[in-house]
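Data block below; observations after.
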Amino acid sequence: MDGAWNRRMAGFALAGLIFGLDQLVKWLVRVPLELEQRAVIELLPFFDLRWTQNFGISLGLFEADSVETRWILVFGTAAIAVIVLLWMLRERAAGDIFGLGLILGGAFGNILDRVLWGYVIDYADLHFGTFRPFLIFNIADAAITIGVLIILARSFFLRDKSAEENDMQLAAKES
């Protein structure tokens, strides 16, 4: 196997790890901690476990208020996950594969929630007094966000540099 294929396999392993960790923590807050009945467990002055059922997608947008819209969200997010999967199969750069693995694992975790429960289980509440820099989230949400930020940062900062280096090498060969 070539190096790119090994990097892709590592990306799939990362996706599986994120998916498994996300589902494990969601099970912990649902079953042993019974967070749904308790509503809030204060852990630190700035971090609580707070039961939230997210019927929408990112930032609560496109809320699924019927069975039909629930399944539209499932199939829509599954289509995005397939696109990420195909991108990952074509990608060669380790950094991009890492970001795509985070996105893929998180997407599968949230898709499974929506299939099983009709909503995504969110529980992580980071706050500083009444200021909340984020909405209540879960591991899958965090992985997706970090993965997207990695892809964006690499596309803005590394790809331009590579293009400039290629242009300089091409110009050196021509002279």
Side-chain angles (χ1 to χ4, degrees), residues 1 4-37 39 49-126 132-156 159:
M1 281 196 224
W5 190 249
N6 289 337
R7 290 188 293 275
R8 289 180 194 117
M9 289 297 102
F12 289 127
L14 176 61
L17 177 69
I18 293 297
F19 173 79
L21 185 60
D22 174 66
Q23 291 300 303
L24 173 65
V25 173
K26 287 174 181 173
W27 175 81
L28 288 171
V29 300
R30 249 186 33 254
V31 180
L33 293 177
E34 297 179 329
L35 188 60
E36 187 173 8
Q37 287 76 30
L49 295 177
R50 184 177 304 274
W51 181 263
T52 306
Q53 297 172 346
N54 183 356
F55 290 91
I57 57 171
S58 182
L59 304 173
L61 299 172
F62 308 115
E63 193 166 301
D65 53 1
S66 69
V67 173
E68 294 81 13
T69 54
R70 167 189 175 186
W71 290 104
I72 289 170
L73 286 180
V74 168
F75 290 118
T77 52
I80 293 168
V82 168
I83 291 167
V84 170
L85 174 71
L86 294 173
W87 182 1
M88 198 166 156
L89 287 171
R90 297 179 52 111
E91 187 60 55
R92 300 185 65 78
D96 289 343
I97 291 169
F98 181 78
L100 292 167
L102 289 170
I103 295 167
L104 192 62
F108 283 145
N110 283 344
I111 289 167
L112 182 61
D113 276 13
R114 196 169 303 285
V115 168
L116 293 176
W117 315 113
Y119 53 84
V120 173
I121 298 169
D122 289 335
Y123 51 81
D125 183 15
L126 177 67
R132 284 180 164 74
F134 310 105
L135 295 176
I136 299 168
F137 61 97
N138 59 44
I139 289 173
D141 297 337
I144 291 167
T145 301
I146 293 167
V148 167
L149 290 174
I150 289 169
I151 298 292
L152 288 174
R154 289 182 53 78
S155 68
F156 284 128
R159 307 256 172 165

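Among all heavy-atom pairs drawn from Ala107 and Ala81, the shortest one is CB-CB, 4.2 Å. The minimum heavy-atom distance linking Ile18 with Gly106 is given by the pair CG2-N, 3.6 Å. The minimum heavy-atom distance between Gly109 and Gln23, with the atom names listed, is O-NE2, 3.1 Å. Here the closest heavy-atom approach between residue Glu36 and residue Gln53 is recorded as OE2-NE2, 3.4 Å. Taking every heavy atom of both residues into account, Arg154 and Ala93 meet most closely at NH2-CB, 3.5 Å. The two atoms that bring Arg7 and Arg92 nearest to each other are NE-O, 2.8 Å, heavy atoms only.
When the shell of 6.0 Å around CZ of Phe19 is examined, it contains more than 12 heavy atoms from other residues, nucleotides or ligands.
Between atom OH of residue Tyr119 and atom CZ of residue Phe55 there is a gap of 6.5 Å, rounded to the nearest 0.5 Å. For the atom pair Ile97 CD1 and Arg90 CZ, the distance stands at 12.5 Å (nearest 0.5 Å). Atoms CG and CD1, from Leu24 and Ile139 in turn, are 8.0 Å apart once rounded to the nearest 0.5 Å. Separation of atoms CH2 (Trp51) and CG (Leu35) is listed at 6.5 Å; rounding is to 0.5 Å. Here the straight-line distance linking atom CD1 of Ile80 with atom CH2 of Trp87 works out to 12.5 Å at 0.5 Å rounding. For the atom pair CG (Asn54) and CZ (Arg114), the distance works out to 6.5 Å, reported to the nearest 0.5 Å.
Contact check for Asp122 versus Val120: side-chain heavy atoms found under the 4.5 Å cut-off. In this structure, Leu126 and Arg132 have side chains that are not in contact, with every pair of non-hydrogen atoms separated by 4.5 Å or more. Considering only heavy atoms from C-beta on, Asp125 stays 4.5 Å or farther from Phe137 through its side chain.
Under the 30°/60° scheme for interplanar angles, the aromatic rings of Phe75 and Trp71 are found to be tilted.
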Exercise answer: donor-acceptor pairs, residues 144-153 side-chain atoms, under 3.5 Å, sequence neighbours excluded:
from: Thr145; atom 1: OG1; to: Asp141; atom 2: O; distance (Å): 2.9

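Partner of Asp113 under the salt bridge (charged side-chain N to carboxylate O under 4.0 Å, His left out) criterion, out of Arg30, Lys26, Arg70: Lys26 alone. In summary, of the residues considered (Asp22, Ile121, Val25), a side-chain contact (heavy atoms from CB on, under 4.5 Å) with Asn138 occurs for Asp22 alone.
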* To do: Please lay out, stage by stage, how Leu14 and Phe98 fare under the test side chain to side chain contact (heavy atoms under 4.5 Å, CB included).
  => CA-CA 8 Å; Leu14 176 61; Phe98 181 78; 3.4 Å; yes
